[in-house]
Each structure stands twice: as C-alpha cells, then as structure tokens.
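Lettering follows sequence order; numbering is per chain, from 1.
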Amino acid sequence: MSTIRGSNNPTTDAGTAPGGAGAAPNRRRGKSRPSLHRGEAKYGWLFITPPILIIGIFLVMPVLLAIWVSVSDWSGLGSPLNPQVSFVGSKNFEAVLSDPGLARKDFGTSIRNNLYYVLLVVPLQTALALFLAVQVNRRVLKGRGFFRTAFYFPSVTSSIAITAIWLFLFGATGAVNKILGLFGASGPVWFADPRGVLHIILGAVGVSSAPDALTGGGMLGVSWWEWLSGPSVAMCAIILLAVFTTSGTFMLLFIAAMQAIGAEVDEAALMDGAGPFRKFFSVTLPMLKPTLFTVLTLGLIGTWQVFDQIYLTGGGKPSKTLLTPAYLAYQSSFKDLNWGQGAAISFILFVIIILLTALQRYVLRDRKDKGRVSRALAGAIAADRSVVVAAATVASAADRGSSTSSSPAPSPSSSTGSASSNQAGEEK
Amino acid sequence: MKIRRGARWGAVLVAGGLLASLAACSSGGSDGGDVAGQKLTVLIGSSGEAETKAVTDAAASWSTTNKATAKVVAANDLTQQLGQGFAGGNPPDLFYMGWDQFQTYASKQYLEPYADNAANKDDFYPSLTSAFSYKGKFYCEPKDFSTLGLIINTEMWDAAGLTDADIPTDWAGLETVAKKLTTADTAGLSFGAEYGRIGTFMNQAGGSMISEDGKTVTADSAENLAGLTEVKKLLSDGVLKFPADLDSGWSGEALGKGKAAMVIEGPWISGLKTDYPDLKYKAVELPAGPGGKSTFTFSNCWGIPAQSETTAAAESLVEFLTSDEQQLKFSDAFGVIPSTESAAKVYSTTYPQNASFVASNDYAVSPVAFAGASTVIGDFNSKLQGLSTGDPKAILASLQTTLQTALDAANK
C-alpha cells in the first residue's frame, strides 16, 4: 500500500526536472550560438505541458480544493466553489482540535488508536522484514525462491481479501482460538473485544480503575487513563495482520540492499572472526541504513493512513477502538456530510505524518563524515582496515578467542555506518 | 531570471484555467420537465437479489407505460455512494433515503420536498409521514416499513418444553424463557449491541430520548436507566449474547446457525430462508416493560434530489412504486410491509406469520434521528458494545451531554 504512495514523488520530480534542464543550456549558450537553440524554451514548454496538466488536475487542484473545503462550510451539495459556500476560517479545525464535543473526542480516540498501531507495527514489521530477508538471503538455504515467494505473497494479495480471512481466523471459534484451546487457554472474541491491552495488564496487577490523577486531565477530549489503554484486543489482531502483510514488501527491499553488499565484505568479516550475530549487527545492519530509512519512512506513512482493514471490520468497532484518523475523515465526509471537518482531519493527519517523518530523518541523520565515498569503496576500506587490525591482533594475542573481542569491531561499524548514511542523504 | 518568471506565470495561468473549468462544472438544475423520454437512474440499497429484481421489474414496467427509461442500480454502500453523487453534482434521480440519514439530508437541502404536494400523501401511516418530515414539510414518500419483533426458533422452543402460553409478555417472562433456552452452544436471546435494538428496552421502561417539545434531551432519565440495566442483567446472567460473541455478523445469522434461540429483528428475517431453508421460526410482538409495550419502526423513503431536471419523471415513478398494488408485489418478493395503511391491512391477512409486525406498528416509535444525531447515536452504539463491563449510568450521562449539544445545533 505504502509503496504506491511513495511512487508519487518520482513522478513529480520527473515532471519538473525537464523544465530546469531544458532552460539551463539555453541561458548558458544562448548568446554565443543563437541559431541552434532558438525557440528552445517554447519547445520546452510544449514538452512539459502534458505532465503539468496531469499533475495539475490530479494532484495540485485536488489539494487546493481540499484546503478550501477544510476552511469552508461546504455542505457537499454541488461544487465547493459555488457562491453559497462561505469561508469559515479555522472553525472546522477548532471543532476537531479544541471545541469540547464529540468531534474532538472521536479525533482524540482515533489518534490514540493509530498511535499504538504505529508504535507496534513499524518496529515489528521492520524487524520481521529484516529477519526474513537475512534468512532467505543465506546462500546455504535450499529452496530460497520458494521461501521468498511465500513470504512476499501476502503483499501481493488484496488487503480486503486478507482482512476477510483474518476475520475468520480470529473469530470467536476461529482457528486461532481453537489452537489456543489445545493449550488449555480460552482466547478472547478478538474482533469484539474493546479492552485495552495495557488496561488488562494493569488490571492483572490490581489497578482496575483509573487513579484520580489520570481521570481529570487529558488531551483532545480523551482522559490520560484512556490514552494509556494500549491497543485494544481487536487492534492487536489488526496489528498482526499489518505486520503479516507488509513485512513481505519490505523484505524485498532489504534483500535488494543486501545483494548490493559485496561478497568480499562478508568474507572480510569472516576473516575478521566475526560470528553471524556480530557480522549482522556490526556490518550488515549499518550498511543497510539507507534501506532502513526508506522502510521506516514508508512504514510510518503507510501506518498512519490505515483504512481498508478498518472499513472492513465495521468502521471502528468495537467501541471505536479501531477508529483511525483516515477512517474518521472518510466517515465525517461521506456519512455525516461534514465535508469541511473531514478535510480538516486529513490535513491534520498530513501534518502529523510530515512532522514524524522529519523527526525520524533527524534521528537517523548523518552524524559525521561529510565526504561522499561510495558504499562499495567504504565497505572495502572498512573491511581492509579491519583485516589489518584483526591480523595484528591475532599476531599479538596468543588466545584466538579473545582476539575477536573489542578492538577491531568498532572501526568497521563506525566507518561503514556513516559512509552508507551519506547515501541515505543522497537518495532523499 | 526571465524564464523563471515566465514559468511561474505559466503555472498560475494553468492553475487559474483549471479552477475556472472546475467552477464551470457546477451548473445548477432547473424546473421539473416532462416524463416521457427521460432517463432516470434509481439507486437502491438492496437487501439481496430478490429486492433488486423486484425493483428492476417494477421500474421496467413503469418505463414501458411512460415511454421513459429507469435504470436501477443496487449500491454497495448506499450512504457513501449518495454522498459522492451529491458532492460530484451528479446525484441519482431517485434513491432510497434511510430514516437515520433523512434529517441530515433534508437540513442540508439535498432533497426535493415533493411529497408535500403529492396526491397520495394522506395514505401513509402518520408515524412514517412524521419520520420523513423536516420542519413541518413532508419531504419524501416512505416506500415501506418494518417493526421489530421477537423471533423465536420454534424447534428449540418445543425442545425446551415451552408452549404458546409461555410466549413472554413482560420482561420477567422474557428472562424465564431465555434462561430455559440457553444451553452450552446456544444463547437464549441475541440482538445487536446498538441503539436500534437496546433502545426498545429503554422505551418499554417508559423512557424517551427527547422531550415532547423536541427541545430537551431526556437520555439520562430513570426509565432509560432501567431499560439499560435490564439489558445488562440479561448479559450478566449469560442468557443474552451479542452476535459478535456468537461468531455472527447479525443476530439473524446467529438464529440461522442455531446459536441463538430468540432474536429481536424485523420482517426482513424472512430472507434467512435462502441461507437456512430448514430454519423454523415464528415472530411475536416484543414483551412489554414496566412502561408498557414499545418497539421501533424503521423505514426508507424514495428521495428525489433538490432542483433535479427529472423531478416530474421521478415523481411519476414514485407514485407508481408506492401504489398499493406495487407495494404488495414488493411484499410478495422480499417481505417488506407496505407503507400505506390500506395495503398493510391486506398484507397482514395475506401473511399471518408477519401479522405481529403490522400490529405492533400501532404503538411503534421511530428511533431518534434529527440532523446530526447519527454521529451521537454511533458513539452511543460504540459504548453499548462494552455494556457488559460498562456502567449504564455513565453511558447515559455521556449520551445526554453529546445528544443535547447535537440537538441544540440542529434546532439553531
């Protein structure tokens, strides 16, 4: 899902780039050789008109119209630009963000639900994707093609179909509860259980009702105690579903990146005496940092926009614990005909995604080494260096076991790490 | 520099042109027009194959007599498709308008109040006429109606040793039979965790949502609390289970699967015969509570968009579709009760098994549905899903505040 979103950007870049490229030579050489380049600008405009029109109609115009709708009182009747529609300022945003009432409470609830969803799905799917990628990338593995296809399969299946299957699996007498029953446990009625997981855990240790300190305050009309509910049992099933479906897509990205890591790096690490874990955390993972950034960004964007699963499981049931901002925007617009409020929610969601992506970029930013060394070169240098250090250590130390410890390891990790994160900067 | 500026102005021009062309799309409608030669699109929220076919056939027979065309489209998601149609400036010429959305649509001037001048406007049940009136104006003609009743699986009833004398007439009776019918695999009673079902208990206790004058919300009354407490009691006794706890999408499915012995549903339950041909059931009136008998009546009307160019043709089609003869044909095809009093009388003699649904319309009320109420009711429903662990008093207190806010906004 999220990969489709991501592909918008290249189109935009491709659309605007020819304008600049076409204009630059004209300006530089225009005076010396006018005859050859006369009318270049005209043709430039001609060539970029189709993309401008397409982007204008399908991207810029809808966004501008949505901005207008979010600050208007459009009732959904006729065009949003007709004269009866008037400007209402930030009223729609206030209804969602500050006015005490149901709209704000619903929005707060949806943000809470989605926050837990993001917090669990993004790390879990990234970790699982990485784990699967490492497993199917091993040369000794038999039937690699089979496993790759199998793991990737959920990603190419329609999310609606998978959600439907999930509804059966997690039904009251579904397969999951049957299996739990074999172990003597009785599973919950997954998709009808609105209890928050953290509340259940707190209840188990004796905190079954909210302490006074947490009932009073709150944010967006939802008390702190409610914010701390954790994902509901139903949401946990959806989280498992999301991890199951998207980890395959991201596994593919990781495999591609891993295959770009030369065999010589692996061999170098091996020579260095690094075990599989050491190799993974100190060599492979740092070299995957650009891909990690991509995966986290796509994951972050995709998870904040979760919609299909919510639509199919009943639009927020049970007890609105599955309500998400994306679904709420849809519901406010199409079901309650509060188009302005729906558009306002979409824009708030947009801002949240932008801010979180910026934050994530800041956290994963380059810390040192501004030089632009290619990844392969950096890897080779790092490997080279570590081999030298390793050899020296082996020579000096009598005990081979102790040689693999402290000294050589930090150097490859730090140098490859920073070099490859330069790549991350470039790709962005 | 010059080229840069040129580029900027070019972009502005393009954007401006697009804006202008989009604005041009929003041309308004005009007056009614003729019937003959018109092409109508009819959007329906169909309960299934039988309903779609019946409406399509009816539209086809109207088309031939009037030399017009009426195309019937069964919506996947009626509310969403209607919202999209209106927003796109291209609503269907005639459509099902649900009781829960009607007030919102009317208050936003989506609908043509054609019913106020229609020839047959006095033929309908008064409760249905009022459900589809906004600010004293009768907007659209109800196409049929349904009331809620208690549907009993007769095989389980007999197996539990119960007879006709045991059919519950009050809450105590309901508790007794529900207890007797509850087994390890079967819940004695089941209905959806929503206002549309649980609200009947609140009304049976003598409660109401809104005061007589329509200005004050009375959700947190002692009567409503009594109704909600009764439902909670049935839940905690283990004799009532919500459909989701029985692996079912709705309680009718639970009845068909044999997971519930009694459910609270309407005449649409007859649709179960396609999926569960062996199911034997009967419908009786809902038991009375301390405040007397009460049930809900639901209805759809035939909506016509405001200022449509095909209003005349659509009105003619509605007149045909709401005629007694045609409504009884619909009853025959998919079990709905005709919305006119005369046709409903014929219906209850033709279908004695559904007579209880018609009979209970004498005291049935429409669920609260003023403009903007559906969001609040949706919130109430979400709380009702957690009723087994929730506090009825707190649920009603929160409903009181939110519903009052919405009512004030609607009355403004």
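Annotation: B/K257, atom NZ; neighbour count of heavy atoms from other residues, nucleotides and ligands within 6.0 Å is above 12. For A/E94, the CD atom sits in a packed shell: over 12 heavy atoms of surrounding residues, nucleotides or ligands are nearer than 6.0 Å.
To the nearest 0.5 Å, the span separating NZ on B/K108 from CG on A/D73 amounts to 8.5 Å. Between the OG1 atom of A/T109 and the CG atom of B/D379 there is a distance of 8.0 Å, given to the nearest 0.5 Å. Rounded to the nearest 0.5 Å, atoms CG (B/D247) and CZ (A/F191) are 12.0 Å apart. Distance check, rounded to the nearest 0.5 Å: OG of A/S333 to CD of B/Q84 gives 11.0 Å.
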**Audit row: B/K259, A/T173, side chain to side chain contact (heavy atoms under 4.5 Å, CB included) steps and yes/no** = CA-CA 12 Å; B/K259 292 191 173 183; A/T173 53; 4.2 Å; yes
**Request:** Start with the C-alpha distance between A/S75 and B/F86, add both sets of side-chain angles, then the distance that settles side chain to side chain contact (heavy atoms under 4.5 Å, CB included), and finish with yes or no.
**Result:** CA-CA 10 Å; A/S75 68; B/F86 276 102; over 6 Å; no
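In this structure, the portion of B/S374 lying under 4.5 Å from any heavy atom of chain A is its side chain and not its backbone. Of the two parts of A/Y330, only the side chain, counted from C-beta on, holds a non-hydrogen atom closer than 4.5 Å to a non-hydrogen atom of chain B. For a residue to count as touching a neighbouring chain, one of its non-hydrogen atoms must lie under 4.5 Å from one of that chain's; by this rule A/D193 does not touch chain B. The part of A/Y311 that comes within reach of chain B is its side chain, from C-beta onward, which places non-hydrogen atoms under 4.5 angstrom from that chain. Heavy-atom distances place the side chain of B/Q101, and not its backbone, under 4.5 Å from chain A. Of the two parts of B/T375, the backbone and the side chain both hold a non-hydrogen atom closer than 4.5 Å to a non-hydrogen atom of chain A.
The candidate with the highest count of non-hydrogen atom pairs below 4.5 Å against chain B, out of A/V189, A/T321, A/T49, A/L102, is A/L102. Ranked by heavy-atom pairs shorter than 4.5 Å toward chain B, the options A/P100, A/G101, A/G44, A/G76 are led by A/G76.
Residues B/T79 and A/Q331 are not in side-chain contact: their nearest non-hydrogen atoms beyond the backbone lie 4.5 Å or more apart.
Summarising the geometry of A/W339 relative to B/G83, their closest heavy-atom pair is CZ2-O, 3.7 Å, with the distance given to 0.1 Å.
In terms of modelled atom types and a separation under 3.5 Å, the side chain of A/S319 and the main chain of B/S382 share a donor-acceptor contact.
Salt-bridge formation is detected for the pair B/D77/A/K335: a Lys NZ or Arg NE/NH1/NH2 atom is positioned less than 4.0 Å from an Asp or Glu carboxylate oxygen.
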